[in-house]
Amino acid sequence: MSKVLTSRKENYAQWYNDLVIKADLAENSSVRGCMVIKPHGYAIWEKMQAELDKMFKATGHSNAYFPLFIPKSFFSREASHVEEFAKECAVVTHYRLKKDPEGKGIIVDPDAKLEEELIIRPTSETIIWNTYKNWIQSYRDLPLLINQWANVVRWEMRTRLFLRTTEFLWQEGHTAHATKNEAIEETLKIIHIYADFAENFMAMPVIKGTKTEIERFAGAIETYAIEALMQDGKALQSGTSHFLGQNFAKAFDVTFTDKTGKLDWVWATSWGVSTRLMGALVMAHSDDNGLIIPPKLAPVQVVIIPIYKNNQELTRITEIANQLKSNLESTGISVKYDDRDTQTPGWKFAEYELKGVPVRLAIGPRDLENHTVEVVRRDKLSKEIIQQDKVIEQVKALLVDIQQNIFQTALKRKKDNTYYVDDYDEFKQIVEGDGGFIYAHWDGTSETELKIKEETKATIRCIPVNNKPEKGKCIYTGKPSTQRVIFAKAY
RNA sequence: CGGGGUGUAGCGCAGCCCGGUAGCGCGCGUCGUUCGGGACGACGAGGUCGUGGGUUCAAAUCCCGUCACCCCGACCA
């Protein structure tokens with residue numbers, strides 16, 4: 001088989017980049033830091049969107065859409081929010097271009113300067129809370145459970161396809177509640193949805209936990225996150241859910257009258273996952289031959305490839321293939337029959353492997369003789385010859401098995417790369433070596449967290465939600481600690 | 001913003017040091033033979049050498065400016 005990808009061992013970052021491009025998921029655009037998401041990549045994102053959207057709606061949320069632009073003054077309302085995002089905002093200052101009077105081309109019309117500059121949203125809390133102010137007066141207006149699918153812009157220094165791009169797609173939920181407890185429950189409900197989606201659809205095991213003060217979202221009281229371990233031993237934050245307390249309600253003066261007639265600020269949450277999940281999906285499962293997409297998110301679950309020497313053969317194969325296709329489709333499986341005569345079978349095999357189609361069926365002259373089909377599963381690349389009348393049930397079972405198998409493989413990898421460490425030298429060795437999740441004691445101070453980050457580049461990914469209390473000594477300072485937290489190098 | 005690098009055909013690159021009017025691989029087109037793991041042959045199309053200026057009889061090549069992008073760091077979902 002010809003090699004089109006850099007191997008993971010050789011250069012993991014290069015492998016990732018090659019794969020995203022060769023599998024036709026996305027490419028760099030001519031706009032700095034911005035990618036073009038290509039049809040195959042976008043189809044996977046659409047599957048993700050569809051599943052998540054279903055989950056949000058099943059838990060009472062509705063979709064809405066707020067403006068891309070945010071007046072600059074909105075940003076100054078919430079102090080920590082400004083501090084966090086100010087340094088990576090794109091700003092619109094003018095509303096018109098004109099012909100360059102000096103020469104060729106066009107220039108920004110200096111007479112068309114905006115009274116107040118507009119920020120291109122890096123996240124929508126401010127515009128949304130400014131709007132919610134008008135929507136909420138009474139406890140009868142609560143809870144307000146809204147999600148939006150949108151694009152946002154964060155002017156990052158360095159970008160990588162899907163993992164960090166200047167513009168990215170995401171969903172952001174913004175909810176308002178009458179009580180603190182209800183808002184906290186909402187925050188947790190969402191982080192559970194994210195974890196459920198990651199594990200059951202993306203087949204990617206995650207750890208749910210809270211963030212330390214340093215890693216917390218700007219303006220949040222508590223940030224919950226799901227953290228996943230990639231094949232290179234680095235952690236990827238894959239979704240966050242924030243309990244915002246009354247911070248934004250106070251900043252935007254959103255009050256309501258409760259049942260007893262008392263006026264109070266509302267309690268808020270916000271939460272999001274982005275196209276970064278695409279990067280997570282790629283890195284969680286794929287191998288040196290290409291993508292491995294879990295069947296539940298694969299735009300095409302089964303591809304059928306004919307092998308023939310002449311038109312007569314093709315006609316007979318097509319008849320069988322179409323029959324299989326419609327039978328499979330009637331059970332809800334998505335199938336593509338690729339009978340293009342412009343590519344050879346070998347070329348197609350390699351191509352669909354690269355693109356991660358979970359199951360491949362090949363039908364050739366031998367199969368016409370024997371009433372068989374060759375079945376290949378992408379995750380293990382194993383081949384099997386089966387009878388044509390067994391295809392439907394076998395493929396159905398196979399898709400379930402692949403989904404489970406890649407989850408189990410990822411789970412095992414996570415387990416094999418999880419360490420409990422009490423010695424700082426050992427800690428450093430692991431971080432500098434193959435990486436992984438390291439459970440270690442920490443004295444709870446930001447100072448220690450920063451020192452460790454400085455010395456090792458590892459950060460506290462989260463404090464797991466189901467953490468067992470355990471007495472110990474901080475790995476860095478030796479001060480007493482009551483539980484272990486998870487360290488890792490992060491994307 | 002600090003350090004390093006690159007702009008030559010759709011993509012990946014060579015040519016530059018030593019100036020003489022542009023080449024390779026892949027891809028693309030036509031035809032034929034192929035087709036059970038990225039087929040082969042023949043013919044063919046395709047380039048203001050990032051951009052502006054300078055030196056020269058002559059510039060992809062030398063000099064000055066400029067723009068863009070990539071990699072490493074600080075920042076980050």
Side-chain angles (χ1 to χ4, degrees), chain A residues 1-5 11 13-14 17-18 21-22 27-34 83-89 103-105 122-123 151-172 194 211 214-218 223 225-228 235-242 270-280 289-290 305-311 313-314 317 339-355 360-370 372-376 381 383 385 453-454 457 459 461 490-491:
Chain A
M1 187 181 313
S2 79
K3 253 189 63 181
V4 293
L5 299 174
N11 184 340
Q14 188 65 46
N17 217 23
D18 281 3
I21 289 167
K22 297 274 169 53
E27 64 186 27
N28 283 307
S29 71
S30 37
V31 185
R32 195 208 89 113
C34 297
E83 206 181 313
E84 180 74 25
F85 290 108
K87 53 188 182 287
E88 52 185 42
C89 283
K104 52 202 177 221
T123 179
N151 57 342
V152 288
V153 167
R154 295 182 189 175
W155 214 265
E156 304 287 357
M157 297 295 184
R158 290 181 54 222
T159 59
R160 292 189 64 194
L161 293 167
F162 288 118
L163 297 174
R164 183 174 304 108
T165 47
T166 301
E167 179 190 11
F168 57 95
L169 306 183
W170 76 346
Q171 58 71 215
E172 48 181 327
Y194 287 162
K211 288 288 180 182
I214 287 175
E215 300 275 332
R216 197 175 292 151
F217 177 73
T223 288
I226 52 170
E227 292 282 334
L236 185 72
Q237 179 174 308
S238 305
T240 47
S241 179
H242 315 290
S270 71
W271 28 275
V273 294
S274 71
T275 35
R276 173 178 260 199
L277 288 181
M278 291 289 296
N289 297 312
I305 297 170
I307 299 157
Y308 56 93
K309 289 196 167 50
N310 54 54
N311 270 331
E313 273 175 8
L314 177 61
I317 291 166
D339 62 349
R340 286 178 296 172
D341 60 358
T342 50
Q343 317 289 353
T344 61
W347 190 92
K348 291 176 189 173
F349 293 165
E351 181 69 6
Y352 290 110
E353 242 152 55
L354 190 55
K355 290 194 169 175
R360 182 180 79 226
L361 306 180
I363 308 171
R366 288 207 295 268
D367 301 300
L368 290 177
E369 290 295 315
N370 307 325
T372 54
V373 173
E374 181 190 84
V375 184
V376 179
L381 289 177
K383 275 182 200 176
I385 307 292
K453 182 180 179 182
E454 222 171 274
K457 290 186 183 152
T459 51
R461 299 323 305 151
Y491 271 92

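Base pairing of B/C31: its partner is B/G41, meeting the Watson-Crick or G-U wobble criterion (both donor-acceptor distances under 3.5 Å). Applying the Watson-Crick and G-U wobble criteria (two distances, each under 3.5 Å), B/C11 pairs with B/G25. Across every strand in view, B/C62 sits in a pair with B/G54 that passes the Watson-Crick or G-U test at under 3.5 angstrom. The partner of B/C49, taking Watson-Crick or G-U wobble pairs whose two distances both stay under 3.5 Å, does not exist in any strand shown. Across all strands shown, B/G2 pairs with B/C72; the Watson-Crick or G-U wobble distances both stay below 3.5 Å.
A/Lys348 comes within 4.0 angstrom of no nucleic acid atom, judged by non-hydrogen atoms across all strands. Heavy atoms of A/Thr372 sit nowhere under 4.0 angstrom from any nucleic acid atom. At a threshold of 4.0 angstrom between heavy atoms, the contacts of A/Glu84 are confined to the sugar-phosphate backbone, with no base atom among them. Across all strands, A/Glu156 comes closer than 4.0 Å to base atoms (heavy-atom distances). Looking at heavy-atom distances under 4.0 Å, A/Arg360 makes contact with a base. Contacts of A/Lys383 with the nucleic acid, taken as non-hydrogen atoms under 4.0 Å apart, include base atoms. Here A/Leu236 lies out of heavy-atom contact (under 4.0 Å) with every strand.
Distance from the side chain of A/Lys309 is smallest to B/C35 among B/G38, B/C35, B/A74.
Remark: A/Arg154 is not positioned above the aromatic ring of A/Phe168, lacking an NZ or CZ atom under 6.0 angstrom from the ring centre and at most 45 degrees off the axis.
Taken from CG in A/Asn289 to CG in A/Leu354, the straight-line distance is 9.0 Å, to the nearest 0.5 Å. Between the OG1 atom of A/Thr165 and the CG atom of A/Leu163 there is a distance of 9.0 Å, given to the nearest 0.5 Å.
B/C18 and B/A60 have their C1' atoms separated by 15 Å, given to the nearest Å. Using C1' as the reference atom, B/C67 and B/G53 are 14 Å apart when rounded to the nearest Å.
Between A/Thr344 and the phosphate of B/G38, there is no side-chain N or O to OP1/OP2 separation shorter than 4.0 Å.
For the residue pair A/Ser270/A/His242, the side-chain donor-acceptor check at 3.5 Å is not satisfied.
Side-chain atoms of A/Gln343 and base atoms of B/G38 include no donor and acceptor less than 3.5 Å apart.
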